[in-house]
Structures are given as C-alpha cells and as structure tokens.
Amino acid sequence: MYTIKSNIAGIYALSFFQSLMVLTAIYVPLLQGHGLTMSQILQTQAMFALVIAGCEVPSGYLADVWGRKRAIVLGTALCAIGFGIVPLCESFSDFMVYELILGVGISLSSGADLALLYDSQLQLKREGSDHVGNNPIAKLVSLEGIAGALGAVAASVLSYHSLQSVAIAQALINVIPFLIAL
C-alpha cells in the first residue's frame with residue numbers, strides 16, 4: 001500500500017543507489033583504454049556539464065508541471081539507458097552520447113527527488129504524523145556518502161578483473177533506481 005512515508009524511504013533508497021557510482025573511480029582509465037586522449041575525456045565531461053546546466057531549469061519546470069514522480073521515473077530511465085550503453089561504447093562519439101543521455105537523466109531526477117522529499121515531509125507534518133524525521137537532507141547526504149564510499153571499494157575490487165566489469169556492474173546497479181522510481 002502506498003503511503004506518504006513510502007515516498008521518503010523511496011527517495012532515500014533512490015539516492016543511495018544513484019550515488020553507488022562504481023564507474024567514477026575508473027572512468028578516465030576506461031576511456032583511455034578505448035583510445036580517447038585526455039583532451040577528449042575532458043570534452044566528454046564538458047558535454048555532461050553543459051547538458052546539466054542547460055537542462056536544470058527546464059527539467060525543474062517539467063517536474064512542477066508534469067509531476068515529480070514522472071520526472072524521476074523518466075530521469076532514472078535515461079540514467080539506466082546511459083549507463084547501460086557504457087559497456088558498449090567504443091569511440092569518442094559513443095561516450096559523448098552517453099554523457100548527453102546521462103546529463104538529461106540526472107537533470108530530470110535531480111531536484112525532483114528533493115522536492116518530493118520536502119513535500120512528503122510537509123504532508124506528514126500537516127497530518128500530525130510522529131514519523132517525521134529531523135533534517136532529511138542530512139540523512140540523504142549521509143546515505144549518498146556511504147554509497148559513494150562503497151562504490152569506490154567495489155570499483156577497486158571489480159577492476160582486478162577488468163575495467164569492463166566495472167562498467168557492467170554500473171549498468172546493472174543503475175537499473176535499481178529506475179525500479180524504485182516506478
């Protein structure tokens with residue numbers, strides 16, 4: 001049964017798995033292994049940053065008009081697709097497409113998740129619920145930090161096998177936020 005409290009638990013779980021980034025620790029060596037130069041690697045990162053900057057305001061508007069959950073579902077779906085293509089990427093243009101998809105996906109879910117968390121907390125307070133936690137952002141940041149640390153450890157263990165295994169693990173991990181969002 002759906003409850004407002006499930007929004008809060010869902011956002012915490014969503015943020016944890018979105019922050020479980022095993023790929024980040026090996027991203028540069030992975031791209032270098034595909035023949036990209038440092039200049040090209042930095043260009044992929046610039047593409048990601050530009051997409052985030054260009055999509056942040058329109059995605060926030062979309063979340064307000066279309067609904068926070070819909071924006072989160074679409075954003076996590078795009079992130080799952082983006083991370084799903086990383087193991088298949090072989091060229092500079094492939095990685096640029098990945099960064100484009102990922103940037104749009106992250107823009108859609110970023111902010112919508114925090115707005116849903118705040119809206120849910122506010123609704124629980126209005127209802128006089130005793131399940132309203134203190135400082136949900138601090139809890140969220142803590143969970144993201146733990147996930148980041150676990151991701152780095154997992155990346156170092158997986159990279160003993162191959163960098164490709166880290167990319168595959170990231171693709172599998174990023175299906176979880178989409179399932180949570182649904």
Side-chain angles (χ1 to χ4, degrees), residues 3-31 41 44-45 48-49 51-53 55-56 59-60 63 68-87 89 95 98-121 131-182:
T3 65
I4 294 293
K5 288 185 286 188
S6 66
N7 280 350
I8 295 169
I11 292 297
Y12 288 151
L14 182 78
S15 292
F16 177 85
F17 286 106
Q18 285 178 320
S19 298
L20 190 58
M21 296 292 295
V22 295
L23 189 64
T24 304
I26 58 97
Y27 190 69
V28 171
L30 177 72
L31 271 62
I41 293 168
T44 68
Q45 294 299 285
F48 176 75
V51 170
I52 292 281
C55 291
E56 201 63 32
S59 67
R68 287 165 175 72
K69 181 179 177 179
R70 287 184 179 141
I72 293 168
V73 169
L74 180 58
T76 56
L78 288 171
C79 287
I81 290 166
F83 283 116
I85 68 170
V86 169
C89 290
F95 284 105
Y98 152 72
E99 294 288 359
L100 175 71
I101 293 168
L102 192 65
V104 173
I106 288 174
S107 288
L108 279 166
S109 55
S110 120
D113 54 356
L114 291 177
L116 185 59
L117 180 64
Y118 276 125
D119 290 348
S120 299
Q121 290 277 90
H131 291 90
V132 178
N134 291 332
N135 203 347
I137 297 301
K139 191 176 207 176
L140 194 66
V141 170
S142 295
L143 285 170
E144 290 171 348
I146 291 166
L150 290 173
V153 170
S156 66
V157 170
L158 287 168
S159 65
Y160 278 115
H161 182 266
S162 71
L163 296 181
Q164 189 69 3
S165 66
V166 179
I168 292 168
Q170 187 68 64
L172 295 173
I173 289 168
N174 266 83
V175 172
I176 298 169
F178 174 66
L179 296 175
I180 292 168
L182 286 175

Backbone N/O of [Y] and side chain of [X]: donor-acceptor pair under 3.5 Å:
| X | Y | answer |
| --- | --- | --- |
| S107 | S59 | no |
| K69 | L182 | yes |
| D113 | G111 | yes |
| S19 | A147 | no |

query: In a check of side chain to side chain contact (heavy atoms under 4.5 Å, CB included) between F178 and each of L14, L74, V73, which one passes?
result: V73
For residues [X] and [Y], determine if any side-chain heavy atom of one lies less than 4.5 Å from a side-chain heavy atom of the other.
| X | Y | answer |
| --- | --- | --- |
| S15 | L143 | no |
| F16 | I176 | no |
| I72 | I11 | yes |
| V86 | Q170 | no |
| L78 | L102 | no |
| I106 | Q18 | no |

Compare every heavy atom of [Y] with every heavy atom of [X], then report the nearest pair and how far apart it is.
| X | Y | value |
| --- | --- | --- |
| I26 | S159 | CG2-CB, 4.3 Å |
| F17 | I180 | CD1-CD1, 3.8 Å |
| A169 | L158 | CB-CD1, 3.5 Å |
| A171 | G84 | CB-CA, 3.8 Å |

- request: Go through the structure and list residues passing side-chain hydrogen bond (donor to acceptor under 3.5 Å, both in side chains) with Y27, not counting sequence neighbours.
  value: E99
- request: Supply the atom-to-atom distance L100 CG to C55 SG, rounded to the nearest 0.5 angstrom.
  value: 8.0 Å
